[in-house]
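Since the structure comes first, as structure tokens, the remarks are kept for the end.
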Amino acid sequence: MSDITKKKMEQIAQMWNARGKGLIKHMALQIEEVSTEGVRVRMPFNPEFCVDADQTLLHGGILTALLDSVFGLANFVAIEGVSTMATLDLRVDYLRPARSRADVIVRAHCFRETRHIAFNSGSVWFEGHEAAEIARGTASFALTRGNTSLFDAMTKGKAS
Amino acid sequence: MDVLSANANVSRVPFFRFLNFEIRSLDSLHAEAEMTFDERLIGNPVMEYYHGGIIASFMEATAAIAVHPDFADVPAKPINLTVDYLRPGVKGPLYARAKLTRKGKRMASVSVITWQTDREKAVAEGLYHFLLV
């Protein structure tokens, strides 16, 4: 990993941790692995995200939100000089009922970038059950390139 | 099923309470809902836009109600979805309208649209499939 990449990783981790509000903060996401090859993120179990009275079955929507968030992270890591991005479209397949109280793990990567667009894919599973994926998603993002990054805006206090 | 009983059902679902929405109208083919903006629903903290995943979740929830408003245990089982994001969802209420395009014996296909101040200016559009068996 080059120094520039390392610096960028630190910046990204800082950005996620510095979020004072919003869903990503509420999901308490933890970055486990970051490289230009992809990212791996953990979402601790949260009963608020369930659909059943026993609170053991996650709503599909939270998995979609998780994929969308982690795609964004993967893009910031993989693509140089991105200031902002917007999800253009998103497709998610729910492969199994998401019934567990285990933490959720997501792996996502950017498999192609152009000047304006990034293409992503990712998988979701419960910790320890990687072979039993619960969801898989693909998305495309519209990129805005420039020097003013979302990190700067956030880490320099504009967001808080 | 009437709106009041549908909302009673909505309030039983922890994640629906998290999203904080109410069904506004309901008939055999449609469901319309309104979600209240909250800090925890934000995706872009600088601009204070709704998180794209929250918009997709809200559309999925409204679609599930259109399919099965009188669910007993859990809402209708989703198979998959595609969402087209058209405009940012800004601070303020978000509306969704789900239309049951087809309901067969095993599967239902639902199209959903969300908007804020103008129905003609959609924030997102989605297609959702549900398993009925």
Side-chain angles (χ1 to χ4, degrees), chain A residues 15 18-27 46-72 84-95 97-99 135-142 150-154 156 158-160, chain B residues 9-21 35 37-64 71-89 123-131:
Chain A
M15 175 186 91
R19 275 172 191 262
K21 59 186 167 192
L23 184 69
I24 290 175
K25 181 184 155 70
H26 202 90
M27 291 195 289
N46 184 341
E48 283 183 294
F49 300 151
C50 291
V51 287
D52 58 333
D54 297 342
Q55 299 184 301
T56 58
L57 181 66
L58 291 175
H59 188 260
I62 200 68
L63 305 178
T64 298
L66 188 55
L67 280 162
D68 189 30
S69 304
V70 179
F71 288 153
T84 60
M85 68 180 87
T87 316
L88 209 55
D89 86 315
L90 182 65
R91 180 194 163 87
V92 178
D93 286 310
Y94 297 125
L95 305 174
R99 193 180 288 285
R136 195 179 283 203
T138 54
S140 58
F141 284 78
L150 183 63
F151 316 138
D152 297 337
M154 290 183 60
K156 285 174 187 154
K158 196 180 156 192
S160 57
Chain B
N9 260 350
V10 165
S11 67
R12 287 193 288 122
V13 178
F15 188 65
F16 289 1
R17 292 199 298 268
F18 176 81
L19 292 175
N20 192 17
F21 69 92
M35 181 164 68
F37 186 83
D38 190 279
E39 204 174 276
R40 64 175 185 264
L41 306 179
I42 291 173
N44 180 326
V46 180
M47 304 302 289
E48 300 198 317
Y49 295 153
Y50 278 97
H51 192 288
I54 288 293
I55 296 172
S57 294
F58 176 44
M59 292 200 289
E60 185 177 316
T62 310
F71 63 90
D73 187 16
V74 294
K77 284 183 257 179
I79 303 166
N80 55 28
L81 60 100
T82 21
V83 179
D84 195 4
Y85 292 100
L86 303 164
R87 287 179 183 80
V123 167
E125 292 184 13
L127 290 171
Y128 290 77
H129 288 109
F130 291 88
L131 190 65

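The figures here come from the full heavy-atom set of this structure, side chains too, leaving out hydrogens, waters and symmetry mates. Everything numeric in this text was worked out from a predicted model, so none of it was measured. Order of the sequence lines sets the chain letters (A, B, ...), proteins ahead of strands, with each chain counted from 1.
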* To do: Side chain from CB out, backbone as N, CA, C, O: work out which of these in Pro47(A) comes under 4.5 Å of a heavy atom of chain B, or both, or neither.
  => backbone

* Atom of Ala61(B), atom of Phe16(B) and distance for their closest heavy-atom approach -> CB-CE1, 3.5 Å

* Ser57(B) vs Glu60(B) side-chain heavy atoms within contact, under 4.5 Å -> no

* Structure fact -> Honestly, the part of Pro75(B) sitting under 4.5 Å from a heavy atom of chain A is side chain

* Winner by heavy-atom pair count (cut-off under 4.5 Å) against chain B, out of Ile62(A), Leu63(A), Leu58(A), Leu67(A) -> Ile62(A)

* Pick from Ile55(B), Ile79(B), Asp84(B): which one has the most heavy-atom pairs with chain A under 4.5 Å? -> Ile79(B)

* Asked: To the nearest 0.5 Å, how far apart are OH in Tyr128(B) and OH in Tyr94(A)?
  -> 7.0 Å

* Which bit of Glu48(A) comes within less than 4.5 Å of chain B, counting heavy atoms only: side chain, backbone, both or neither? -> both

* To do: For each of Asn46(A), Thr87(A), Thr64(A), tally heavy-atom pairs with chain B at distances under 4.5 Å, and name the one with the top tally.
  => Thr87(A)

* Greatest number of heavy atom pairs closer than 4.5 Å to chain A - which of Leu19(B), Leu86(B), Asp38(B), Thr82(B) -> Thr82(B)

* To do: Examine whether an atom of Glu48(B) lies under 4.5 Å from a heavy atom of chain A, and if so say whether it belongs to the side chain, the backbone or both; otherwise answer neither.
  => side chain

* Asked: Looking at Leu127(B), Ile54(B), Leu41(B), which makes the most heavy-atom pairs under 4.5 Å with chain A?
  -> Ile54(B)

* **Close side-chain approach of Pro88(B) to Met47(B), heavy-atom, < 4.5 Å** => no

* Checking Asp52(A) side chain against Leu57(A) main chain: does a donor-acceptor pair fall under 3.5 Å? -> yes

* Can you check whether Phe18(B) and His26(A) have ring centres sitting under 6.0 Å from each other? -> yes

* Give the member of Asp89(A), Asp68(A), Leu90(A) that has the highest number of heavy-atom pairs under 4.5 Å with chain B. => Leu90(A)

* Structure fact -> Of the listed Asp93(A), Leu88(A), Val92(A), the one with the largest count of heavy-atom pairs under 4.5 Å with chain B is Val92(A)

* Asked: With a cut-off of 6.0 Å (strictly less than), are more than 12 heavy atoms of other residues, nucleotides or ligands near CZ of Arg136(A)?
  -> no

* Look at the side chain of Arg91(A) and the backbone N and O of Asn80(B), then say whether any donor-acceptor pair between them is shorter than 3.5 Å. => no

